[in-house]
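A note on names: the letters A, B, ... follow the listed sequences, proteins ahead of strands, and every chain is numbered from 1. Predicted, not measured: the structure shown is a model, and the values here were computed from it.
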2 protein chains.
Amino acid sequence: MLTHTAEDYLERIYMLSLRLERVKSSDIAKEFGIRTPSVISALKLLKEKGFVHYRKHGAVTLSEKGMERALDVYDRHKTTYRFLRFVLGVPDGIASADACGMEHSVSPETADAMKDFFSFIRLKKDAGVDIQGEFQKFRKEKPTVGKRARYSDTDSGTRRLSVVKDGIRCVILKLDGDREVKRRLLDMGVIPGETVEIRNRGPLGFPIEILIQGYVLTLRRDEAESVIVREA
Amino acid sequence: MLTHTAEDYLERIYMLSLRLERVKSSDIAKEFGIRTPSVISALKLLKEKGFVHYRKHGAVTLSEKGMERALDVYDRHKTTYRFLRFVLGVPDGIASADACGMEHSVSPETADAMKDFFSFIRLKKDAGVDIQGEFQKFRKEKPTVGKRARYSDTDSGTRRLSVVKDGIRCVILKLDGDREVKRRLLDMGVIPGETVEIRNRGPLGFPIEILIQGYVLTLRRDEAESVIVREA
DNA sequence: CTATAAAATTAGGCAGACCTAAAATAAGCC
DNA sequence: GGCTTATTTTAGGTCTGCCTAATTTTATAG
């Protein structure tokens with residue numbers, strides 16, 4: 001319904017209104033580092049859509065609808081920023097910049113999960129387990145991470161991951177099968193060129209637990225069947 | 001240098017190339033749910049800029065430069081997706097959609113931090129501490145979170161946070177002072193309407209540790225000075 | 001090998017988000 | 001109050017990213 005840019009305008013108007021008596025178009029322009037005419041035309045659109053009140057040469061204010069939206073975006077910004085900064089330990093400036101972009105894509109579900117993660121961490125801390133602190137310490141001590149292998153094509157011993165035995169390291173050659181399954185696999189990082197290894201499996205042989213890029217995933221039989229691999 | 005959309009095209013071309021012999025413009029269109037002419041013009045631009053190889057009625061392939069960028073975006077996508085899905089426990093479809101938007105804003109620093117967080121969690125798990133599992137359990141047991149108070153203006157007993165005593169709950173009324181300081185405070189969620197409480201402080205009185213929206217932050221003296229509050 | 005169907009491309013249009021240059025309005029000063 | 005200066009707005013332009021409709025090219029069937 002609203003573009004990212006429009007959301008940004010609302011958010012900024014809100015933030016400016018917290019520290020300025022009257023928010024003028026030029027304030028917004030300064031804030032974004034763009035020219036006033038650009039702001040004016042953006043404001044016209046926002047006014048047409050009922051998100052702001054604005055008269056020629058007057059101050060900009062958010063309508064009820066605009067305020068609601070601004071608070072919503074701002075909440076996601078804040079949550080994302082805090083998460084990056086205090087959970088992941090990303091430096092201030094970078095966290096801020098990343099949050100500016102990410103806020104528009106963060107769903108309420110994700111934002112809630114982040115908030116809950118704070119509470120969780122806090123609870124643990126009160127119980128004497130400092131997850132944040134331990135993570136930061138961990139990062140300091142283990143600064144390097146391996147790089148991903150590149151795709152390479154040979155066809156000796158190709159088979160489906162569903163028939164590979166546990167503990168055998170394989171290179172993923174190709175994905176196959178249902179579109180939706182492929183999307184999931186690709187999302188999880190099950191992609192050609194990566195190395196996988198079956199780590200464990202359910203009592204009936206499936207689901208299998210695979211180790212990929214240092215991370216453990218669980219695959220159902222149909223998913224494992226659409227992964228074509230070769231022994232590494 | 002490249003727009004988000006252009007990055008999306010490169011990423012999609014890469015993903016399609018993993019499962020399709022020849023990637024045609026119509027495949028891309030189908031993937032994005034847009035019309036072929038739109039794809040054609042996007043491809044022309046990408047070709048001009050040297051990111052793809054493409055001839056009329058032919059297949060699309062990524063150039064070296066294009067492949068590099070595609071892998072880069074894809075890596076951020078994957079990392080973000082995994083993080084949302086497996087650390088925060090966001091449902092599959094939502095995690096996927098969020099990651100699609102967030103990938104363009106995630107800096108290398110943030111991506112690295114997320115990757116390290118995986119390793120960290122895995123290390124802890126091997127040591128018998130299942131952070132993920134505990135977090136999910138925590139979420140199930142504690143489903144509700146309080147809402148944020150709205151801004152309200154009265155001027156009885158307003159003062160700066162820097163002079164407030166420990167353990168007194170205050171409502172933030174306004175921010176004041178240096179632009180950069182304000183930005184940081186706003187980013188952290190120190191905004192009008194929120195309730196704060198000083199929890200602890202350094203040996204010299206500063207920095208102070210405040211509790212805000214269930215989260216603990218540390219503020220330096222200058223930061224505390226630009227926060228104007230009223231006792232709640 | 002031609003007729004027809006399907007797919008890809010060109011042409012042209014529209015909205016968003018920015019710009020510069022020029023005109024209109026508001027503010028400050030004697 | 002009138003004049004200069006600063007600010008704001010209008011006018012008009014560009015580029016991206018999508019669209020539809022028309023055209024061209026390729027594929028398919030008889």
Side-chain angles (χ1 to χ4, degrees), chain A residues 1-17 20-61 65-66 69-70 73 97 100-101 103-105, chain B residues 1-14 16-17 20-62 65-66 69-70 73 97 100-101 103-105:
Chain A
M1 180 147 285
L2 275 185
T3 62
H4 285 188
T5 313
E7 276 193 351
D8 278 332
Y9 275 100
L10 295 179
E11 188 188 14
R12 272 312 145 97
I13 292 166
Y14 171 66
M15 291 179 83
L16 284 169
S17 73
L20 260 46
E21 244 356 90
R22 290 165 37 88
V23 179
K24 291 170 297 171
S25 47
S26 55
D27 298 319
I28 302 172
K30 214 176 294 163
E31 192 76 3
F32 280 127
I34 63 177
R35 304 290 174 171
T36 1
S38 313
V39 175
I40 303 264
S41 56
L43 288 178
K44 272 184 188 159
L45 275 180
L46 287 172
K47 187 185 172 181
E48 261 171 39
K49 293 183 182 155
F51 289 97
V52 303
H53 302 302
Y54 180 56
R55 277 199 328 284
K56 268 192 199 179
H57 300 274
V60 188
T61 50
K65 196 167 124 188
R69 189 61 173 256
V73 180
C100 269
E103 63 193 6
H104 305 292
S105 314
Chain B
M1 178 148 282
L2 274 185
T3 61
H4 286 189
T5 313
E7 275 192 352
D8 278 332
Y9 275 102
L10 294 178
E11 189 191 14
R12 271 314 146 96
I13 291 165
Y14 170 67
L16 284 169
S17 74
L20 261 44
E21 245 355 272
R22 292 163 37 88
V23 179
K24 291 169 296 170
S25 47
S26 54
D27 298 320
I28 303 172
K30 214 175 296 164
E31 194 74 2
F32 281 127
I34 63 177
R35 304 290 174 171
T36 1
S38 312
V39 175
I40 304 262
S41 57
L43 288 177
K44 271 184 190 159
L45 275 179
L46 287 172
K47 188 185 173 180
E48 260 171 39
K49 293 182 183 156
F51 289 97
V52 302
H53 301 303
Y54 181 56
R55 278 198 328 283
K56 267 192 202 179
H57 301 274
V60 188
T61 51
L62 293 168
K65 198 166 119 188
R69 189 62 174 258
V73 180
C100 268
E103 64 193 5
H104 305 292
S105 314

Nearest-Å distance for atom pair [atom1]/[atom2], residues [X] and [N]:
{"X": "B:His57", "N": "D:dA27", "atom1": "NE2", "atom2": "C1'", "answer": "12 Å"}
{"X": "B:Arg22", "N": "D:dA27", "atom1": "CZ", "atom2": "C1'", "answer": "13 Å"}
{"X": "B:Lys44", "N": "D:dC15", "atom1": "NZ", "atom2": "C1'", "answer": "16 Å"}
{"X": "A:Leu45", "N": "D:dT9", "atom1": "CG", "atom2": "P", "answer": "15 Å"}

Which of the following nucleotides, D:dT10, D:dT8, D:dT16, is nearest to the side chain of B:Lys49? D:dT16

Using every non-hydrogen atom in the two residues, find where A:Ser105 and A:Gly101 come nearest and quote the distance to one decimal. OG-O, 4.3 Å

Which atom names give the shortest non-hydrogen contact between B:Leu62 and B:Ala70, and what distance separates them? CD1-CB, 3.9 Å

Boundaries of the DNA chain C segment in contact with chain A, non-hydrogen, under 4.0 Å: C:dG16 to C:dA26

Please identify each residue that fulfils side chain to side chain contact (heavy atoms under 4.5 Å, CB included) with [X], with sequence neighbours left out.
{"X": "B:Ala42", "value": "B:Tyr9"}
{"X": "A:Ser26", "value": "A:Lys24, A:Thr36"}
{"X": "B:Thr3", "value": "B:Thr5, B:Ala6"}

Taking only residues at least two apart or on different chains, which pairs with a member in residues 42-57 of chain A satisfy salt bridge (charged side-chain N to carboxylate O under 4.0 Å, His left out)? none

Residue pairs involving residues 3-12 of chain A (criterion salt bridge (charged side-chain N to carboxylate O under 4.0 Å, His left out); sequence neighbours excluded): A:Glu7-A:Arg69, A:Glu7-A:Arg76, A:Arg12-A:Glu31

Sequence neighbours left out, what pairs pass ring pair (Phe, Tyr, Trp, His ring centres under 6.0 Å) with at least one residue falling in residues 37-61 of chain A? none

Would you compute the distance between atom CG of A:Leu46 and atom CG of A:Leu2 and round it to the nearest 0.5 angstrom? 7.0 Å

Taking atom NZ of B:Lys30 as the centre, does the number of heavy atoms from other residues, nucleotides or ligands within less than 6.0 Å exceed 12? no

In residues 1-9 of chain A, what residues come within less than 4.0 Å of DNA chain D, judged by heavy atoms? none

Any residue of residues 31-40 of chain A with a heavy atom less than 4.0 Å from an atom of DNA chain C: A:Ile34, A:Arg35, A:Pro37, A:Ser38

Side chains of A:Val39 and A:Val60: closer than 4.5 Å at any heavy-atom pair? no

B:Ala42 or B:Lys56, whichever maps to the more 5' nucleotide of DNA chain D: B:Ala42

